Colleague: 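Could you have a look at this structure, given as structure tokens, before my questions?
In this text the structure is predicted, and so the values were computed from the model without any measurement. Every chain is numbered from 1, with letters handed out A, B, ... down the list of sequences.
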Amino acid sequence: MDDLLQPLNPPQRQAVQCTEGPLLILAGAGSGKTRVITYRIAYLIRACQVPPAQILAVTFTNKAAEEMRQRVQQLLGVTALPVWVATFHATCAQILRREAAVLGLSPHFVIYDTAEQLTLLKQCQRELDIDPELYPPQSLLRRISTLKNELIDPEAFVREAADFGLDEKVARLYPLYQRRLRQQAAVDFDDLLMLTVALWQRHPEVLARYQQRWRYVMVDEYQDTNVAQYHLLRLLTAASRNLCVVGDDDQSVYRFRGANVRNILEFERDFPDATVIKLEQNYRSTATILEAANAVIAKNPHRKAKTLWTTNPRGEPLGYFCAQDEVHEAEVICQNLVGLHHREGLPWGAMAVFYRTNAQSRVLEDSLRRAGVPYQIVGALRFYDRQEIRDVLAYLRLLVNPQDMLSLRRIINVPRRGIGPTTWGRLEALAEAQQRFGLDALEALLASGTLGKAAQEKLRAFAELLRGLQAEVPYLGVADLVREVLARTGYAAQLEAEGTAEAQARLDNLGELISAADEFERRSGGAGLQAFLEQLALLSDQDSFDASGGAVVLMTLHAAKGLEFPVVFIAGMENGLLPHSRAFDDPAELEEERRLCYVGMTRAQQRLFLTSAARRRVYGVQQQHTPSLFLADIPAACVQDYSPQPVLAQLRQPWSAAAHFPPAAAPAAPDGSPYAVGTRVWHAHFGRGVVQKREGEGEDLKLTVRFDEHGVKKLLVRFAPLQPLPS
DNA sequence: TTCCCGCGGATTTTT
DNA sequence: TCCGCGGGAA
């Protein structure tokens with residue numbers, strides 16, 4: 001057994017051998033945390049004789065899960081292993097399907113993604129006559145999502161919600177939204193977690209089954225868990241107490257999604273008998289890269305004390321370049337990629353470019369394409385978000401769950417079959433009146449004889465089409481079902497008839513969908529349509545990343561978490577972008593931006609390049625940007641400034657305004673007045689704020705301002721004691 | 001019912 | 001800048 005643990009350093013070995021009771025592994029970037037988890041699983045099985053089926057390992061992405069399984073199997077020299085390795089969401093989805101009956105949920109429920117949630121919420125909003133201008137659906141949905149992540153169900157919220165403002169609206173919307181979900185046998189991402197917690201809390205006998213089934217629980221990326229996930233873990237391990245969590249508070253970057261750093265910071269309070277092990281030796285990066293990253297993250301208050309060190313060589317200094325604008329920036333990055341590839345023989349796939357926002361990828365893409373550099377973008381326009389794919393998937397979902405009104409609505413007139421809003425309105429009214437949904441409602445409508453002759457005939461043909469497809473489900477594989485849908489609905493024929501390049505691209509994408517279905521069938525041993533759809537719904541952006549590909553990788557800093565590359569570029573190192581402009585209002589947000597920067601820097605093994613642009617087009621508007629304040633924290637000895645006019649030295653001066661204030665100057669609106677959207681302002685009563693919106697002009701200029709302390713106000717410039725802040 | 005046009009809002013990050 | 005939605009006309 002000792003030979004199994006041979007490759008581990010002392011703290012790693014200690015972590016692996018500490019198998020009983022609560023265990024917190026604080027694993028710094030590049031300290032071999034994945035290795036510790038995989039060895040720990042192998043050790044439990046081989047040395048402690050734990051049956052593999054009693055082990056649960058939770059990861060953040062499906063990809064990470066798959067990799068972990070492979071590695072454990074490799075360690076143990078087996079080709080299959082009944083260890084449960086999956087994401088929280090996938091695990092909960094499985095549990096909910098199995099236990100659906102107890103909750104009064106259909107076991108064939110569909111999982112709605114963000115776009116579908118938004119569609120449904122907008123419907124509810126219209127129904128309740130809540131003005132989308134005053135209450136943007138996005139904000140309402142975010143609020144509901146937060147509530148779910150905090151395990152506050154509609155009933156509870158209605159009891160405690162404020163009776164004014166956004167929450168008053170949410171208190172009306174949330175119950176309706178939830179009711180609509182259930183009517184069509186749908187759940188959203190957050191429901192997966194919230195419902196599983198509810199299931200376990202209300203049905204101790206069900207919980208007991210899972211407690212016995214999974215006696216050893218391991219969680220990766222614990223810093224990114226939210227309240228719901230925290231409760232899931234507490235419930236599940238209440239009896240065994242064998243909970244091992246691995247994480248790094250410095251890499252917590254999903255606060256906006258409800259992730260709660262508290263979980264990791266207070267693990268020791270939650271589990272007073274917990275063992276805590278720190279992994280502080282970094283095996284990934286050069287000493288220079290590590291020193292630079294350490295210096296950046298050191299500025300954050302509220303961290304667990306931790307000092308990463310390495311025995312790796314110092315390596316090259318970091319490179320920094322301040323470009324004129326974003327096009328120039330992209331070109332410089334591109335030239336360097338080409339240089340590294342041709343002069344130093346680095347494979348394209350060894351290099352990655354990170355950025356803060358997806359919008360930044362476009363300019364980079366243009367440059368790379370022109371230069372003939374092969375690249376892959378991770379997560380930008382997801383394959384499964386394409387219209388044609390979503391259309392076909394809507395058909396497939398309807399076959400599994402005929403109650404799904406959202407999918408029905410999506411495809412009832414796609415391709416065109418002359419069924420318009422009037423008929424749909426009838427269907428919706430009937431659904432509400434008779435509480436019958438989806439195909440069921442459709443057939444009730446047909447039977448009611450209230451439709452006109454033409455509408456009746458069209459609808460009948462459509463219902464027949466769906467019933468026909470439904471009858472095929474038990475007999476056909478997933479790929480064949482996709483082919484059937486494409487053929488029988490006339491979807492493929494319509495695209496072929498179009499004959500445009502765009503239509504051809506869509507057809508190609510659909511071909512790829514068929515391949516994906518084929519692949520799924522092979523790998524899953526014919527698991528069926530429902531499993532296929534579920535896998536797609538829970539796919540993450542990172543899952544599309546092909547590590548073996550010989551292409552430069554482009555992705556957001558968030559997507560980069562957990563990966564590593566010999567060479568890393570971080571573009572857009574500017575105040576307003578990294579840190580993002582919306583983070584300047586809130587110290588906690590600013591800390592998160594710093595962590596994001598740290599995550600990006602620590603992905604690099606050999607070389608790290610940082611770039612910024614002095615001017616940048618945002619929504620087609622030119623903006624002046626100052627270099628990121630994070631750059632000032634990198635020790636001078638670690639970085640070389642290659643800019644035509646070096647700026648780093650100046651940035652490090654403590655009196656440098658750029659290091660403390662975000663935008664360069666108060667931007668002026670096209671009409672020359674000083675209150676452009678985004679301008680920071682000072683109000684005699686409300687204090688500091690940011691202009692959100694302008695209405696009217698001249699004398700009547702009205703501003704919507706979000707104040708740091710007093711929320712959103714509408715002000716008439718003529719009367720308000722207001723002045724723009726210069727920077 | 002469908003198509004077209006014009007306007008407004010978005011862009012932070014995502015299981 | 002671009003996309004999506006809503007409203008109005010054919």
Colleague: Just to confirm, is there a sub-4.0 Å distance from OP1 or OP2 of B/dT14 to any side-chain nitrogen or oxygen of A/Thr114?
Modeller: no
Colleague: Side chain of A/His580, heavy atoms from C-beta onward: which of B/dT13, B/dT11, B/dT15 has the nearest atom to it?
Modeller: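 Nearest to the side chain of A/His580 among the choices is B/dT11.
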Colleague: Over all heavy atoms of both residues, which pair between A/Phe60 and A/Thr87 is shortest? Give the atoms and the distance, please.
Modeller: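 Shortest heavy-atom contact: O-CG2, 3.6 Å.
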Colleague: Does atom CZ (A/Arg234) have a neighbourhood of more than 12 heavy atoms from anything else shown, all under 6.0 Å?
Modeller: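 Buried by this count: over 12 neighbours within 6.0 Å.
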Colleague: Starting at NZ of A/Lys458 and ending at C1' of B/dT1, how long is that distance when rounded to a whole Å?
Modeller: 8 Å
Colleague: What nucleic acid atoms does A/Glu592 come within less than 4.0 Å of, heavy atoms only: base, sugar-phosphate, or nothing?
Modeller: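 If one applies the 4.0 Å heavy-atom cut-off, A/Glu592 turns out to touch nothing in the nucleic acid.
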Colleague: Apply side-chain contact (heavy atoms from CB on, under 4.5 Å) to A/Lys458 and A/Arg417, showing your working.
Modeller: CA-CA 7 Å; A/Lys458 288 170 188 162; A/Arg417 45 177 80 91; 5.9 Å; no
Colleague: If you measure from the ring centre of A/Phe256 to the centre of the six-membered ring in the base of B/dT14, is it under 5.5 Å, with the planes under 30° apart?
Modeller: no
Colleague: For A/His89 and B/dT15, is the gap between ring centres under 5.5 Å while the planes differ by less than 30°?
Modeller: no
Colleague: So, using side-chain contact (heavy atoms from CB on, under 4.5 Å) as the criterion, who are the partners of A/Ile152 when residues are at least two apart?
Modeller: A/Leu147, A/Glu150, A/Ala156, A/Phe157, A/Glu160
Colleague: Below 4.0 angstrom from OP1 or OP2 of B/dT13, is there any side-chain N or O of A/Asn358?
Modeller: yes
Colleague: Specify the separation, in whole Å, of atom CD of A/Glu534 and atom P of B/dT15.
Modeller: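 After rounding, the reported distance stands at 16 Å.
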Colleague: List the steps and the verdict of side-chain contact (heavy atoms from CB on, under 4.5 Å) for A/Lys561 and A/Gln251.
Modeller: CA-CA 8 Å; A/Lys561 193 169 62 105; A/Gln251 295 186 59; 4.3 Å; yes
Colleague: Check this one for me: any side-chain N or O of A/Gln138 less than 4.0 Å away from OP1 or OP2 of B/dT11?
Modeller: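 A/Gln138 to B/dT11 OP1/OP2: side-chain N or O found under 4.0 Å.
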Colleague: Return the polar atom pairs (N/O with N/O) between nucleotides 2-6 of chain B and the protein under 3.5 Å, or none.
Modeller:
| residue | atom | partner | partner atom | Å |
| --- | --- | --- | --- | --- |
| B/dT2 | OP1 | A/Gly418 | N | 3.4 |
| B/dT2 | OP2 | A/Asn413 | ND2 | 3.3 |
| B/dC3 | OP2 | A/Arg416 | NH1 | 3.0 |

Colleague: Base, sugar-phosphate alone, or nothing: which one does A/Thr423 contact when heavy atoms must sit under 4.0 Å apart?
Modeller: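 Sugar-phosphate, no base atom in range.
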Colleague: Is there a side-chain contact between A/Arg257 and the phosphate of B/dT14, meaning an N or O under 4.0 Å from OP1 or OP2?
Modeller: no
Colleague: Would you mind building the protein contact string for nucleotides 1-6 of chain C? One character per nucleotide, 5' to 3', B for base within reach (heavy atoms under 4.0 Å), S for sugar-phosphate only, - for untouched.
Modeller: SS---S
Colleague: I'd like the P distance from C/dG4 over to B/dT13, given in whole Å.
Modeller: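 These two P atoms come out 16 Å apart once rounded.
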Colleague: Does any donor atom in the side chain of A/Gln125 or A/Gln123 lie under 3.5 Å from an acceptor atom in the other side chain?
Modeller: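 Absent: no donor and acceptor within the cut-off.
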Colleague: Would you kindly give the CG-to-C1' distance between A/Leu141 and B/dT12, to the nearest whole Å?
Modeller: 16 Å
Colleague: Should the heavy atoms of other residues, nucleotides or ligands under 6.0 Å from CZ of A/Arg615 be counted, would the total exceed 12?
Modeller: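 No - once you tally the heavy atoms of other residues, nucleotides and ligands closer than 6.0 Å, there are 12 at most.
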Colleague: Does the plane of the ring in A/His89 sit parallel, tilted or perpendicular to the ring in A/Phe189? Use 30° and 60° as the thresholds.
Modeller: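 Perpendicular.
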Colleague: Decide if atom CZ of A/Arg98 counts as having more than 12 heavy atoms of other residues, nucleotides or ligands within a radius under 6.0 Å.
Modeller: no
Colleague: Describe the nucleic acid contact of A/Phe88 in one word from base, sugar-phosphate, nothing, applying a heavy-atom distance below 4.0 Å.
Modeller: nothing
Colleague: Consider the side chain of A/Thr87, meaning its heavy atoms from C-beta on, and name the nucleotide among B/dT12, B/dT15, B/dT13 that approaches it most closely.
Modeller: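 My answer, after comparing the listed nucleotides, is B/dT15.
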Colleague: So which one's nearest nucleotide on DNA chain B is more toward 5', A/Ala455 or A/Arg356?
Modeller: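 Result: A/Ala455.
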Colleague: How far apart are the C-alpha atoms of A/His625 and A/Asn575, what are their side-chain angles, what is the distance that settles it, and do they pass the side-chain contact (heavy atoms from CB on, under 4.5 Å) test?
Modeller: CA-CA 6 Å; A/His625 278 190; A/Asn575 292 321; over 6 Å; no
